[in-house]
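Scope of the values below: all heavy atoms of this structure, side chains included, with no hydrogens, waters or symmetry mates.
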Amino acid sequence: MKKTTVIAILTLGTVAFGVQAQTINWWDLGNTKVGPQRTLKEFHEYFKEQFPKMSLQQYALGSYAFNKGLYQQYQEAIQFNPGDLTLSQGKKLWDTKFPDGKSYASCFPNGGKGVAASYPYYDAKTHEVTTAAMSINACRVQNHLKPLRYGSSSLIALQTYFTSLSNGMPVDVKVQGPGAIKAFEEGKAYYFMRRGQLNFSCATCHVAYAGKYLRAQIISPLLGQSAHYPTYRAAWGAVNTFQKRFIGCDKKVGAKPEKLQSVDYRNLDYFMSYISNGIKINVPGYRP
């Protein structure tokens with residue numbers, strides 16, 4: 001689809017939904033510094049007000065939670081999720097011993113089980129947000145191996161398996177201390193920052209118009225988005241990461257995407273994951 005067509009579709013969607021969006025003061029959710037805990041509470045209350053019949057756990061389904069027909073398709077798809085091939089690849093890599101006899105499991109508490117539920121996290125030593133991809137590469141360096149390229153199939157597979165070790169556990173990202181709060185607030189600011197040819201923010205779609213149709217597609221809400229990544233997307237024909245989705249969204253609104261693991265993308269990941277606290281992880285996910 002040509003960029004001009006995409007712009008036209010999104011613009012028409014904005015016009016169609018504009019009246020309803022303006023009746024909701026959703027913009028204030030991201031433009032008042034009230035601290036992480038209150039921000040989390042206000043976001044959860046906002047979505048509860050918008051979709052009173054939807055439980056918190058249903059948000060992990062994304063757009064599938066808004067349409068029974070789509071949900072049935074989802075149930076059929078996950079029985080033979082193509083993403084399981086990447087999961088198997090990740091397990092094989094995870095279990096393969098390093099030359100020094102150690103493995104990835106040796107770098108994480110409890111062999112990595114349940115650890116990803118608290119990712120990403122703010123590292124007070126490095127003064128930055130640390131992601132699963134960064135920790136996996138740090139493990140390789142500690143064991144005298146070169147880091148993997150961000151976005152490589154091997155690293156995606158390892159991220160998928162590492163995160164799957166927390167399947168069934170609720171997202172439990174912590175934001176504690178001045179540095180962490182600063183990173184969180186910067187991630188929130190990026191989420192609400194308008195950019196690109198369409199002058200859209202992440203929140204324009206996934207907060208203001210969440211659950212609405214954009215042509216044949218239902219826009220997924222912010223809540224629960226991090227809980228199924230890495231995910232298999234039919235549009236990609238592959239499993240990919242949360243930050244890969246950031247790149248895709250930036251391109252769709254006509255903005256120049258950042259590099260994987262940039263400071264902005266890590267802070268954005270941090271904010272979005274924190275907002276999904278309490279929603280159970282299910283990796284690899286499946287999306288259209």
Filter on salt bridge (Lys or Arg N to Asp or Glu O under 4.0 Å), then keep only pairs touching [range], sequence neighbours left out; what's left?
{"range": "residues 132-151", "value": "none"}
{"range": "residues 260-280", "value": "E128-R266"}
{"range": "residues 72-96", "value": "K91-D95"}
{"range": "residues 191-201", "value": "R195-D250"}

Could you list all the side chain to side chain donor-acceptor pair (under 3.5 Å) pairs where at least one residue sits in residues 167-176, not counting sequence neighbours? D172-K174
Can you pull out every side chain to side chain donor-acceptor pair (under 3.5 Å) where at least one residue sits in residues 113-126? Sequence neighbours excluded, please.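 The answer is Y119-S135.
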With [X] via ring pair (Phe, Tyr, Trp, His ring centres under 6.0 Å) - residues at least two apart:
{"X": "F246", "value": "F242, Y265"}
{"X": "F51", "value": "F66"}
{"X": "Y104", "value": "W94, F98"}

Of all residues at least two apart in sequence or in a different chain, which pass the side-chain contact (heavy atoms from CB on, under 4.5 Å) check with S55?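 Partners of S55 by the side-chain contact (heavy atoms from CB on, under 4.5 Å) criterion, ordered by chain and then number, come out as Q57, Q58.
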Which residues pass the side-chain contact (heavy atoms from CB on, under 4.5 Å) test with A117, not counting sequence neighbours?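 If we apply the side-chain contact (heavy atoms from CB on, under 4.5 Å) test to A117, skipping adjacent residues, the hits are S166, M169, I281.
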Going by atom types only, do N67 and Y213 share a side-chain donor-acceptor pair under 3.5 Å?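 Yes - a donor-acceptor pair under 3.5 Å links their side chains.
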Answer yes if the side chains of S106 and S103 hold a donor-acceptor pair under 3.5 Å, and no otherwise.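 Short answer, no.
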Among residues at least two apart in sequence or on other chains, which ones pass side-chain hydrogen bond (donor to acceptor under 3.5 Å, both in side chains) with T131? Q261
